[in-house]
Amino acid sequence: MKWTKFFIPTSKETPADAVVPSHRLMIRAGMIRQLAAGSYSYLPLGYRILRKIEQIVREEIDRAGGIELHMPALQPLELWQETKRDEAMGPTLVRLTDKPFRRNTVLGPTHEEAITEIVRAYIKSYKQLPVTLYQIQTKFRDEERPKSGVLRTREFLMKDAYSFNTDKASLDETYERMYQAYCRIYDRCGLPFVAVEADSGAIGGDASHEFMVVTDAGEDYLVRAEDGSYAANVERAEVLALEDEGCSEMAELAEVHTPRLSTIEDVSNFLKCRPQDMIKTLIYRLVTRSGGKKSKPVDGFVVALVRGNHEVNDSKLSKVVKAIVEKKGEEVVSLEMAEAEPIQKLTQADVGFAGPIGLAEKDGVLMIADRDIVTMHNAVTGANKTDYHVTGVNIGRDFQLGEVADIRFAVEGDKAPNGSPLVFEKCIEVGHVFKLGTKYSDAMKAHFLDENGKSKPIIMGCYGIGVNRILAAVIEASHDDNGICWPVNIAPFTVEIVALDHREEQVMTMAEKLHDELEAKGIDVLLDDRDARPGFKFKDADLIGIPIRITVGKRGLDEGIVEFKQRTDDEVQKISPDSIVEIVEKIVSESAG
RNA sequence: CGGGGCGUGGCGCAGUCUGGUUAGCGCGCUUGACUGGGGGUCAAGAGGUCGCUGGUUCGAAUCCAGUCGCCCCGACCA
């Protein structure tokens with residue numbers, strides 16, 4: 001490809017709106033252009049990269065046993081009502097309601113429903129399982145706040161795979177294969193990643209991993225043990241319980257007047273105590289049911305206790321509550337933060353003055369203390385009386401602990417389960433693998449007959465990769481002051497030939513000869529044949545980040561050489577034009593690994 | 001959805017507070033000349049309903065009201 005015949009609108013100036021490096025560089029390198037918030041056109045250079053990443057993804061998912069198909073973005077709303085995800089997705093689900101014929105149509109944000117609809121129609125027997133189907137397709141999500149260029153957009157390219165298995169062991173096997181495929185994909189894309197335990201949250205399921213790229217441009221956080229033994233999304237990170245600091249003497253329980261001071265910060269400032277010496281008491285409304293779907297739901301409360309400097313992790317809490325409730329042979333219908341009114345009724349005080357003393361004994365109250373409550377002494381907490389707190393609170397003497405569990409988020413200073421200090425890092429999620437279980441097959445009645453002729457729901461897994469995010473994440477991970485440094489495997493072109501003076505016939509002849517030779521070998525080569533000064537071409541070459549640069553100039557040709565430089569190297573090598581093809585082919589095959 | 005900022009040629013900005021000839025500057029673009037190893041020089045050009053609507057005024061990029069859009073922080077995020 002010759003530069004003058006292609007379309008690479010590079011720019012010296014950085015657009016004011018672009019903040020993160022990948023966004024700035026993609027615009028400056030002429031890879032993308034914004035059409036609206038969260039909507040980007042991929043210009044030819046950007047699109048070449050996207051296609052290369054897509055192809056790597058395709059090859060690896062195929063290798064892991066995936067079968068490619070293609071589903072529509074336009075979907076009937078009814079499909080989403082079957083799984084109640086029309087509600088769950090909320091405003092993120094793009095609904096087309098302008099014209100009568102579009103009523104009840106949505107643009108797919110993901111395809112669990114669509115794929116399950118296919119599978120339930122055709123898969124009837126255990127003999128047809130397991131099967132993994134996937135597509136690489138455009139997704140639509142009306143993100144409330146698109147940001148950081150291509151990192152968070154309303155329309156994006158996603159590889160979404162769905163596995164269907166007869167049992168858990170079979171799902172585990174597929175999951176592991178996909179997990180390995182993901183690792184290979186990021187490796188081939190030259191993207192340094194961390195696989196972390198992810199929160200499987202309300203959906204249930206027993207395993208979920210996210211693939212993260214550590215960068216300041218990210219919007220998620222992961223925690224990692226310093227010794228490398230542990231990595232997880234902050235949403236789910238487990239921590240070592242704090243050590244007991246001990247205390248010299250047990251103080252008297254005392255009530256103190258704390259008018260209108262209902263926050264941890266206010267009270268700790270007022271009483272001159274540390275937030276970690278306070279017990280935060282949060283009240284949730286718990287609805288349970290025993291004995292099947294027809295039985296009457298029962299209202300109750302969950303009182304969650306954490307230290308003042310900690311936050312309750314709702315996901316951890318709901319898992320603990322679920323386990324306790326199920327142990328009693330009941331099931332959880334819902335668990336939500338209580339409104340002001342029921343809190344006042346329960347505590348006999350305004351919101352902000354709740355405390356554990358006397359609460360656990362009340363009817364329908366399930367008290368769950370975080371593990372780090374256990375080691376508190378002379379604590380401060382709400383008095384269950386408006387405008388009052390109590391100090392000198394001690395467990396055992398003043399109130400009894402109910403259930404004890406890890407129900408909080410990790411914070412700076414925490415340690416991993418093995419005692420290694422935890423490090424918090426900002427990151428971008430570039431992939432997520434998930435054991436779904438039977439959530440969708442139950443809701444949509446996707447059943448199969450097993451060896452005994454018994455009908456069972458198909459066990460599902462889903463596996464997503466954001467193709468555009470890989471692209472942006474690679475730039476975040478691989479750039480310098482001068483521009484992008486593309487890894488060979490996904491570079492838009494592998495080689496850029498810089499012809500230094502297009503008026504010199506011998507220069508252009510040699511440049512074109514090398515271009516043709518490389519192209520004949522199937523190597524993606526870009527020849528900068530513009531009538532521009534050398535410095536201008538070098539700057540552009542660095543900006544668009546082609547991994548191998550070959551400079552053809554009169555000076556070198558007089559010596560019988562051309563110059564060879566890799567984007568990430570400093571030194572330039574003088575090389576005979578005859579050996580260029582061989583050297584490039586070697587680099588390409590080494591990268592392909 | 002809360003808080004903040006910004007809309008002036010393709011890009012980056014000045015001008016707005018304090019209304020007043022023809023709306024400027026840099027980059028880029030066109031033409032010509034020179035130049036030619038890290039974003040050159042000179043000369044001559046093309047390109048703008050100042051986001052949109054309404055209002056105030058003799059007169060609005062500038063003041064007022066409304067509206068649309070974009071960016072950042074936060075909340076939210078299968």
Side-chain angles (χ1 to χ4, degrees), chain A residues 9-20 23-24 27-28 30 33-40 43 80 83-93 106 108-114 139-149 151-154 156 158 160 162 198-205 208 210 217 219-220 233 235 314-315 429 432-436 439-440 443 460-464 466 481-483 498-504 507 528 530-544 549 551-559 562-563 565 570 572 574:
Chain A
T10 58
S11 155
K12 192 155 72 172
E13 314 243 18
T14 303
D17 285 346
V19 175
V20 301
H23 189 196
R24 286 206 296 263
I27 289 178
R28 286 195 52 212
R33 179 173 170 82
Q34 183 177 33
L35 189 58
S39 287
Y40 286 85
L43 304 182
W80 290 79
T83 56
K84 296 208 166 62
R85 279 219 295 179
D86 57 325
E87 290 168 26
M89 297 286 304
T92 308
L93 184 65
V106 304
T110 173
H111 281 67
E112 282 83 4
E113 283 81 359
K139 304 292 187 230
F140 298 87
R141 294 181 194 183
D142 193 0
E143 296 288 352
E144 294 187 41
R145 189 154 99 73
K147 59 181 284 195
S148 305
L151 279 175
R152 187 169 203 79
T153 54
R154 295 202 164 109
F156 57 95
M158 180 170 169
D160 45 325
Y162 306 90
D199 184 30
S200 48
I203 281 195
S208 169
E210 282 167 330
E219 34 179 3
D220 289 321
N233 191 314
E235 299 291 318
D314 285 350
S315 172
E429 177 189 348
H432 198 161
V433 293
F434 216 114
K435 293 186 189 176
L436 282 177
K439 178 182 162 78
Y440 296 93
M460 291 174 59
C462 73
Y463 316 87
D481 290 345
N482 295 318
V498 178
L500 280 193
D501 193 334
H502 88 136
R503 295 165 313 179
E504 293 283 344
V507 167
D528 191 345
R530 292 176 296 178
D531 178 11
R533 297 165 67 90
F536 196 91
K537 293 186 176 184
F538 289 140
K539 287 286 186 190
D540 262 354
D542 286 346
L543 177 61
I544 69 172
R549 189 182 82 192
T551 306
V552 182
K554 186 166 185 306
R555 201 186 284 175
L557 289 184
D558 289 344
E559 289 177 54
V562 295
E563 291 160 33
K565 180 181 173 298
D570 286 332
V572 173
K574 295 181 175 184

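Below, chains carry the letters A, B, ... as their sequence lines are ordered, and counting in each starts from 1.
At a threshold of 4.5 Å between non-hydrogen side-chain atoms, the residues A:Thr110 and A:Arg85 count as touching. Contact check for A:Arg28 versus A:Leu543: side-chain heavy atoms found under the 4.5 Å cut-off. Looking only at side-chain heavy atoms (C-beta outward), A:Trp80 and A:Pro109 come within less than 4.5 Å of each other. Contact of the A:Phe536 side chain with the A:Thr10 side chain is not registered, since no non-hydrogen atoms from C-beta on lie closer than 4.5 Å. Put simply, the side chain of A:Lys554 does not reach to within 4.5 Å of the side chain of A:Leu500, judged on heavy atoms. Taking 4.5 Å as the limit, every side-chain heavy atom of A:Asp528 sits out of range of all side-chain heavy atoms of A:Phe538. Residues A:Arg145 and A:Arg152 are not in side-chain contact: their nearest non-hydrogen atoms beyond the backbone lie 4.5 Å or more apart. Annotation: side chain of A:Val498 is not in contact with side chain of A:Val552 (no heavy-atom distance under 4.5 Å).
Rounded to a whole angstrom, the distance from the C1' atom of B:G2 to that of B:U18 is 34 Å. When the C1' atom is compared between B:C17 and B:G12, the two are found 23 Å apart, to the nearest whole Å. If you take atom P in B:G47 and the same atom in B:U30, they sit 15 Å apart, rounded to whole Å. Taking the P atom of each, B:U53 and B:G69 are spaced 16 Å apart, rounded to whole Å. Remark: the separation of the C1' atoms in B:G15 and B:U62 is 9 Å, to the nearest Å. Comparing the C1' positions of B:U57 and B:G20 gives an interatomic distance of 12 Å, to the nearest angstrom. Rounded to the nearest Å, the gap between the P atom of B:G38 and that of B:U22 is 47 Å. For the P atom pair drawn from B:C70 and B:A65, the interatomic distance equals 23 Å after rounding to whole Å.
Between the side chain of A:Arg549 and the base of B:G38, a donor-acceptor pair under 3.5 Å is found. If you check distances only, the side chain of A:Glu13 never reaches the base of B:G28 with a donor-acceptor pair under 3.5 Å. In terms of polar N and O atoms assigned as donor or acceptor, the side chain of A:Asn482 never comes within less than 3.5 Å of the base of B:G38 in a complementary pairing.
Taking atom CD of residue A:Glu235 and atom C1' of nucleotide B:A75, one finds them 13 Å apart after rounding to whole Å. In this entry the distance linking CG of A:Asp142 with C1' of B:A78 reads 15 Å, nearest Å. Between A:Asn233 atom CG and B:C77 atom C1' the separation is 12 Å, expressed in whole Å. Atom P of nucleotide B:A78 and atom CZ of A:Arg141 are separated by 9 Å, given to the nearest angstrom. Between the CZ atom of A:Phe434 and the C1' atom of B:C77 there is a distance of 13 Å, rounded to whole Å. Rounded to whole angstrom, the span from the NZ atom of A:Lys574 across to the C1' atom of B:G37 amounts to 12 Å. Here B:G37 presents its C1' atom at 13 Å from CD of A:Glu559, a figure rounded to the nearest Å. Between A:Asp481 atom CG and B:G38 atom C1' the separation is 15 Å, expressed in whole Å.
Applying the Watson-Crick and G-U wobble criteria (two distances, each under 3.5 Å), B:C70 pairs with B:G5. Base pairing analysis places B:C17 opposite nothing; no Watson-Crick or G-U wobble pair with both distances below 3.5 Å involves it. In a base pair of the Watson-Crick type (N1 to N3 plus N6-O4 or O6-N4) or a G-U wobble (N1-O2 and O6-N3), with each distance short of 3.5 Å, B:U30 is matched with B:A44. When Watson-Crick and G-U wobble pairs are counted only if both distances are under 3.5 Å, B:A65 pairs with B:U53.
Among the heavy atoms of the strands lying under 4.0 Å from A:Gly556 is at least one base atom, whether or not backbone atoms are also near. As judged by a 4.0 angstrom heavy-atom cut-off over every strand, A:Asp531 is placed among the base-contacting residues.
In terms of position along RNA chain B, the nucleotide closest to A:Gly149 lies nearer the 5' end than the nucleotide closest to the other residue of the pair A:Met158 and A:Gly149. Along RNA chain B, the nucleotide nearest to A:Cys462 and the one nearest to A:Pro15 differ in position, and the one closer to the 5' end is contacted by A:Pro15.
Nearest to the side-chain atoms of A:Arg555 among the listed nucleotides B:C11, B:G37, B:U35 stands B:G37. Of the candidates B:G36, B:G37, B:A78, the closest approach to any side-chain atom of A:Thr551 belongs to B:G37.
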Quick one: which protein N/O atoms are closer than 3.5 Å to N/O atoms of nucleotides 39-45 of chain B? Pair and distance per line, please.
residue, atom, partner, partner atom, Å
B:G39, O2', A:Lys12, NZ, 3.0
B:G39, O6, A:Arg28, NH2, 3.0
B:G39, N1, A:Asp540, OD1, 3.1
B:G39, N2, A:Asp540, OD1, 3.3
B:G39, N2, A:Asp540, OD2, 3.4

Protein-nucleotides 67-71 of chain B N/O pairs under 3.5 Å:
residue, atom, partner, partner atom, Å
B:C70, OP1, A:Ala37, N, 2.8
B:C70, O3', A:Gln34, NE2, 3.4
B:C70, O2', A:Asp17, OD2, 2.9
B:C71, OP1, A:Gln34, NE2, 2.8

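Going from atom NZ of A:Lys539 over to atom NZ of A:Lys12 covers 10.0 Å, rounded to the nearest 0.5 Å. How far CZ of A:Arg154 is from CD of A:Glu144: 9.0 Å, rounded to the nearest 0.5 Å.
For A:His23, the ring pair (Phe, Tyr, Trp, His ring centres under 6.0 Å) partners two or more places apart in sequence, or in a different chain, are A:Tyr40.
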Problem - salt bridge (Lys or Arg N to Asp or Glu O under 4.0 Å) evaluation trace for A:Glu112 with A:Lys439 - result: CA-CA 10 Å; A:Glu112 282 83 4; A:Lys439 178 182 162 78; over 6 Å; no

